[in-house]
Amino acid sequence: IMLKTNKGITTQIDHIVVSQYGVFVIETKNISGWVFASERGRQWTQTLPAWDGFGSAEKYHFQNPLRQNYLHTMTLAYQLRIPKRHIFSLVAFPSDTEFKKGYPQGVYTYGEIPNAILAHKKPVFDVKTTRSIANAIQAADALITEDERRMHVSNVRLVHGQFD
């Protein structure tokens with residue numbers, strides 16, 4: 001899903017689950033190896049061991065997905081005109097990713113995402129509202145032109161060296 005923020009720039013959301021228990025915004029990463037992360041840091045570091053056991057480890061920096069997903073949740077709150085407290089950020093990594101300082105709050109393995117969603121037991125929307133929210137997300141995504149989508153990908157690669 002691609003949406004415009006309140007500043008008119010585009011942001012791409014990997015997955016959105018709309019339910020009676022809230023709107024769950026899921027940022028997925030396909031990053032393995034060791035990850036050194038802090039919840040508030042601008043960048044995280046992926047470290048891959050040397051394949052032959054003799055060389056030096058490879059290190060790569062990537063945008064903090066918690067910060068990235070914060071923009072996504074705020075954009076949805078803005079677009080949908082619903083309280084931020086009903087929008088939940090979840091970041092998912094493969095199970096073989098090892099967080100050297102422990103998993104930051106809001107970060108899960110792919111397999112933990114269903115339970116993280118199911119942990120929310122108090123309904124905040126009725127069925128009609130969930131349908132309305134899902135329709136509004138699809139309508140906002142449909143407003144993004146193909147040129148805007150291509151420009152988004154180019155800008156992300158230029159700024160972050162990756163595709164968000």
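- Side chain of Asn64 to main chain of Arg42: no donor-acceptor pair is present (N/O by atom type, distance under 3.5 Å, no hydrogens or angles).
- Under the 3.5 Å distance criterion, the side-chain polar atoms of Thr97 are left unmatched by any main-chain donor or acceptor of Phe93.
- The heavy-atom pair separating Pro94 from Thr109 by the smallest distance is O-CG2, 4.5 Å.
- Of the N and O atoms on the side chains of Glu112 and Tyr110, not one donor lies less than 3.5 Å from an acceptor on the other residue.
- Tracing side-chain contacts under 4.5 Å through hydrophobic residues (I, L, V, M, F, W, Y), one reaches Val25 starting from Val18; they form part of the same cluster.
- Within a 6.0 Å sphere centred on OH of Tyr70, heavy atoms belonging to other residues, nucleotides or ligands number 12 at most.
- Leu90 CG to Asn69 CG: the interatomic distance, rounded to the nearest 0.5 Å, is 7.5 Å.
- Summarising the geometry, atom OH belonging to Tyr21 is positioned 12.5 Å from atom CD1 belonging to Ile117; distances are rounded to the nearest 0.5 Å.
- Residues Lys59 and Thr45 meet the side-chain proximity criterion, which asks for heavy atoms closer than 4.5 Å.
- For residues 30-41, the set of pairs meeting the side-chain hydrogen bond (donor to acceptor under 3.5 Å, both in side chains) definition, not counting sequence neighbours, comprises Trp34-Glu98.
- Within the model, atoms NE2 of His120 and NE2 of His86 stand 12.5 Å from one another, a figure rounded to the nearest 0.5 Å.
- Between atom NE2 of residue His72 and atom CD1 of residue Ile1 there is a gap of 11.5 Å, rounded to the nearest 0.5 Å.
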Report, one line per pair, each donor and acceptor closer than 3.5 Å where one atom sits in a side chain of residues 76-84; sequence neighbours left out.
residue: Gln79; atom: NE2; partner: Lys4; partner atom: O; Å: 2.8
residue: Arg81; atom: NH1; partner: Tyr78; partner atom: O; Å: 2.4

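- To the nearest 0.5 Å, atoms CD (Gln12) and CD (Glu27) are separated by 8.5 Å.
- Looking only at side-chain heavy atoms (C-beta outward), Asp14 and Ile26 stay at 4.5 Å or farther from each other.
- With respect to Lys29, the side chain to side chain donor-acceptor pair (under 3.5 Å) criterion is satisfied by exactly one of Gln68, Gln63, Gln46: Gln68.
- Hydrophobic clustering places Phe62 together with Tyr103 (ILVMFWY residues linked when any side-chain heavy atoms are closer than 4.5 Å, directly or through intermediates).
- Thr28 has its side chain within reach of His15: a pair of non-hydrogen atoms, C-beta onward, lies under 4.5 Å apart.
- Note on Val91: it does not cluster hydrophobically with Phe88, by side-chain heavy-atom contacts below 4.5 Å among ILVMFWY residues.
- Hydrophobic clustering (side-chain heavy atoms under 4.5 Å, transitive across Ile, Leu, Val, Met, Phe, Trp, Tyr) keeps Phe24 apart from Leu66.
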Ignoring hydrogens and angles, write down the donor-acceptor pairs under 3.5 Å from the side chains of residues 125-139, residues two or more places apart or on other chains.
residue: Asp126; atom: OD1; partner: Lys128; partner atom: N; Å: 3.3
residue: Asp126; atom: OD1; partner: Thr129; partner atom: N; Å: 2.7
residue: Asp126; atom: OD1; partner: Thr129; partner atom: OG1; Å: 2.7
residue: Thr130; atom: OG1; partner: Val127; partner atom: O; Å: 2.6
residue: Asn135; atom: ND2; partner: Arg131; partner atom: O; Å: 3.3

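- By the criterion of side-chain heavy atoms lying less than 4.5 angstrom apart, applied directly or through intervening Ile, Leu, Val, Met, Phe, Trp or Tyr residues, Ile31 is grouped together with Phe99 in one hydrophobic cluster.
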Note to self: side chain to side chain contact (heavy atoms under 4.5 Å, CB included) for Leu48 and Tyr60? Distances and angles first, verdict last.
What the structure shows: CA-CA 8 Å; Leu48 298 171; Tyr60 302 95; 3.8 Å; yes
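- For the atom pair Leu3 CG and Leu71 CG, the distance stands at 10.0 Å (nearest 0.5 Å).
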